[in-house]
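As the structure is a computational prediction, the values presented were derived from the model and not from experiment. So you know, we letter chains A, B, ... as the sequences are listed, proteins then strands, and number each from 1.
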Amino acid sequence: MELPAKYNPAETEDKWYAYWLENKFFHSEPDSREPYTIVIPPPNVTGILHMGHVLNNTLNDVLVRKARMDGKNACWVPGTDHASIATESKVVAKLKAEGISKEDLTREEFLRHAWEWKEKHGGIILSQLRKLGASCDWDRTKFTMDPDLSEAVINTFVYFYNKGYIYRGVRMVNWDPVGLTAVSDEEVIHRDTTSKFYHLRYYISDGQGNPTDKYLIIATTRPETIMADAAICINPADERYHWLRGKKVLIPLINKEIPVIEDSYVEMEFGTGCLKVTPAHDVNDYEIGIRHNLPVLDIIDDHGCLNEKAQILVGEDRFDARRKIEDMLREAGNLEKVEAYTSPVGYSERTNAVIEPRLSMQWFLKMDALAKDALESVESGKVKLIPDKYRNTYRHWMENVRDWCISRQLWWGQQIPAYYLPDGQVVVAQTPEKALELAREIMPGAVAEDLRQDEDVLDTWFSSWLWPISVFDTNKAGHPDAVPNSDLAYYYPTNDLVTGPDILFFWVARMIMAGNEFMNDVPFRNVYLTGIVRDKLGRKMSKTLGNSPDPLDLIEKYGADAVRLGMLLCSSAGSDILYDESQIEQGRNFCNKIWNAYRLVTGWNVDVNVQQPDASAVAVDWFRAKLSQAICTVEDHFSKFRISDALMTIYKLFWDDFCAWYLEAVKPAFGAGIDKETYNATIGFFDALLKMIHPVMPFITEELWQNMAVRSEGETIMNQRYPAAGEYRAELISDFAMACEAVAGVRNIRQQKNISPKEQLELRIKGEFPSGVLPVVVKLANISSVGQAEGDMSAAQRFMVSTAELFVPLDGLVDLGEELRKLEADLDYYRNFLASVRRKLSNERFTANAPEAVVAVERKKESDSLAKIESIENAINSLKNSK
RNA sequence: GGGAGCAUAGCUCAGUUGGUUCAGAGCGUCUGCCUUACAAGCAGAGGGUCGGGGGUUCGACUCCCUCUGCUCCCACCA
């Protein structure tokens, strides 16, 4: 069989993915095996794959594939999230481009467009995940707005409402004037923003609504809201302003009279010490307003424009109004000064619009009890966060969480199952029919037409927090007393959750709450928090910067295995990933290395007449030990979620140990056959190595594993058992390491003296050197004869391996002066080293306090360096004598 | 403003109870090689006062304090 010199991923990947699907290798059903479960962090249904997904899903896939090979019943549930704000705004934008305005549509018409959009673009991302090799159980694919999942969401709402956890009220909320909806506190991002600090004169009223010549100065960043001012507030302890007590002042431009009030909230040192109180448009002012019973005047509409209550600048956008009112105030003589100012401003996570604090009627879920349990789940270790530095962050959040605003003024999502009676009373029920029954208890004779359902939908996270439950059993969410179905009973709790720290609170914490509430158990045992993928310069990947490569292009160019390896190479848990295409090149190179090692091995011809050479026998024993050692290390890394360390161990095992040393040691001469024993061992090693690599690089390993032997239909490397470590002698490994050092020493001499690798050299040894590994040295260093060093070795190049001296006789090629200089430098080093070791040993406090083992090590250092010094001195003497 | 974290080779990072010659890895760099698996490769080499300062200890990359620089999270000083 002829294999090309380079691995071609494109040809093999689709073939094997199709094979895996045909054979339903990814599908899982409950059985007697131990389950291993992961639910995918559901990507936005209309999203497309980006580098963050690649990292996340590669990690998920590695864990699932490893668990599967460990003999567990592995199940990775895929699906998508309806992402109400993101999707709705995409649909709105698309309609707008077609000249259709959302306002002109009925709810039903709009939803029809939205579903159309979802059918067209939904799930693209799932097919992209297939390209990456994700071994999801596609038969279990879910969508957060599937009818039964939506039903679970509604049941959950009804459940918490009846429990008294859900209430409705007018609160100051974060209003997104672009998304036209309220958003939760967690969806607001504060960024320092440069703006202006306007110092405004408010003239004191004479009591008749006319200005006197006295005035006070307030400082504000939002002059466009002055028309909504309800008072001016000073600190009662601020003597500068006691003269203002009981006075009234006039709002500039509109001459409205407002009182001066006192509240200790006001910082005397900040600004001018006078605060304008605008209850409708600032959270703190709202609180002050409640304390002082101030009227609330809302002058900004849904779109962030001034409404008619503002009296002036009606219809202007709030930022245009700010610019215009500055001029107006200046003209009117009310503008004292304007300073540059930087302050944190809230932006909408989804639309990047500046959040407008706004009063509105919203639904809330009480968080205190839920948060308390969810905190306990992490504090007690029932849920482990990896890395655990996130425990602090988590605790802080859970201890300071505020009630969750769960209503959104959108159409795309689960509509809140609250129904209003004509008199404004509300009933909450799963269906309109049930709602009507409840309504009749309040209003006998009510008919369906009397009920009006709440217009709002629920926050997306109000559905995704049920995900680990609802993907298995849609009845259990909302019904803590229900008996879980067989899937849920088997797969829940899931094992690991891999996700980004940015949704630790949005999603992870809330899933823990829902799990505790409905399952009385946490939804997962380990939460592996990845870093954020950044570019080489540390910048976040973003469309506007154009620094985000398309993963599909990368897969096409380098292969999925290369992309997977490239991502994992640089990913340790919790720290950000600085992506660079060179890492993916490295992945591709590794594929090629595996490919060519395979070509070499399978190109060998077994000759039954050939005896196993000593070098091969040693190498086989050694590599068997090395393999076991590496498996132990890899298992340890996996158990601690050190995925990139596990990967690097495997990478070096294959490249350095297997290819650079083992294969070179057993490689038959050109054209010669190989003995059966070595060949079989080599094939066995290769088989084990492929299995070890498979979770990370599924495609190439399947390709080669299938190629290695005749496989029957339905066989796959992905269902093979992961190699297990055997007993091994550590001495074998250290002896072989000495052989490698000896080989490197000889090669180094060749390099220095410009001696071709083809030219044979002699080797002489003085001191202890494991004789068992000498055949390997002879072969790899191309040695003609090896023996004890005897007599004058001054005409030889000398180097040391551990405490042994090795000589390569080189008549006429040795520069005695140069050798002498090197030896004297060595001598100097070891004498200093010895001196420091002896200083330590002569310190009684050291010998008295340090553990025996540590002292013994120091003594060994002492005797070793003494031996080295002696041999160096001898070498110097003999060199000098021969001169 | 509060909290957390980071600082180790040119770059990205390991360093898991303070003690094996512990100062490491990968990549990059430099030198020599188209050696019959692989130039996407082979062989070799160089490279760091472990951010600065102080302390504890027989012993500190590791523990404590402090300074400097960066990052993230939380937060209603207009």
Would you indicate which nucleotide in [options] comes nearest to any side-chain atom of [X]?
X      : options             : value
A:K389 : B:C27, B:A25, B:G5  : B:G5
A:K6   : B:A37, B:A78, B:A40 : B:A40
A:V854 : B:G19, B:G26, B:A45 : B:G19
A:K652 : B:G26, B:C58, B:A37 : B:G26
A:A744 : B:G44, B:A75, B:A37 : B:G44
A:S343 : B:A78, B:C27, B:G44 : B:A78
A:K593 : B:G19, B:A75, B:G41 : B:G41
A:R588 : B:A40, B:A45, B:C38 : B:A40
A:Y651 : B:C58, B:C27, B:C73 : B:C27
A:Y265 : B:C76, B:G19, B:C38 : B:C76

Closest-nucleotide mapping onto RNA chain B: is A:A5 or A:W655 further toward the 5' terminus? I mean the 5' end.
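Between the two, 5'-proximity favours A:A5.
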Using the closest heavy atom to pick a nucleotide of RNA chain B for each, name whichever of A:P851 or A:P757 lands nearer the 5' end.
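Whichever sits nearer the 5' end wins; that is A:P851.
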Would you please indicate yes or no on a ring centroid separation below 6.0 angstrom for A:Y390 and A:Y394?
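No: the rings miss the under 6.0 Å criterion.
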Send over the distance from [X] [atom1] to [N] [atom2], rounded to a whole Å.
X      : N     : atom1 : atom2 : value
A:F590 : B:G26 : CZ    : C1'   : 12 Å
A:H281 : B:C77 : NE2   : P     : 19 Å
A:L359 : B:C76 : CG    : P     : 16 Å
A:L704 : B:C38 : CG    : P     : 16 Å
A:N284 : B:A75 : CG    : P     : 13 Å
A:K840 : B:A60 : NZ    : C1'   : 11 Å
A:N392 : B:C72 : CG    : C1'   : 13 Å

Can you tell me if the side-chain N/O atoms of [X] get under 4.0 Å from OP1 or OP2 in [N]?
X      : N     : answer
A:Y579 : B:C11 : no
A:N748 : B:A43 : no
A:R395 : B:C73 : no
A:K667 : B:A37 : yes
A:R191 : B:C73 : no

So A:Y830, base contact, sugar-phosphate only, or nothing? Heavy-atom distance under 4.0 Å.
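The residue A:Y830 makes base contact.
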Mind checking if A:V266 touches a base, just sugar-phosphate, or nothing, with heavy atoms under 4.0 Å?
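The residue A:V266 makes base contact.
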When rounded to the nearest 0.5 angstrom, what is the spacing between [atom1] in [X] and [atom2] in [Y]?
X      : Y      : atom1 : atom2 : result
A:M51  : A:M567 : CE    : CE    : 4.5 Å
A:H199 : A:L329 : NE2   : CG    : 13.5 Å
A:E703 : A:W595 : CD    : CH2   : 5.0 Å
A:I217 : A:I232 : CD1   : CD1   : 11.5 Å

Partner nucleotide, any strand, of [N] [Watson-Crick/G-U, under 3.5 Å]:
N     : result
B:U62 : none
B:G1  : B:C74
B:C6  : B:G69
B:C11 : B:G26

Determine the Euclidean distance between corresponding C1' atoms of B:G55 and B:A60; express it in Å to zero decimal places.
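Pairwise C1' distance, B:A60 against B:G55, rounds to 11 Å.
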A:E11 and A:N8: side-chain donor and acceptor closer than 3.5 Å?
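Note: A:E11 and A:N8 side chains meet the donor-acceptor criterion.
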Whether the A:T278 and A:K276 side chains hold a donor-acceptor pair (N or O, under 3.5 Å, no angle test) is what I'd like checked.
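Yes - a donor-acceptor pair under 3.5 Å links their side chains.
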Is there a donor and acceptor pair, one atom on the side chain of [X] and one on the base of [N], closer than 3.5 Å?
X      : N     : result
A:E664 : B:A37 : yes
A:Q751 : B:U31 : yes
A:R845 : B:U57 : no
A:N843 : B:C58 : no

Out of A:Y651, A:Y7, A:Y558, which residue meets the ring pair (Phe, Tyr, Trp, His ring centres under 6.0 Å) rule with A:F590?
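Per the ring pair (Phe, Tyr, Trp, His ring centres under 6.0 Å) rule, the option paired with A:F590 is A:Y651, out of A:Y651, A:Y7, A:Y558.
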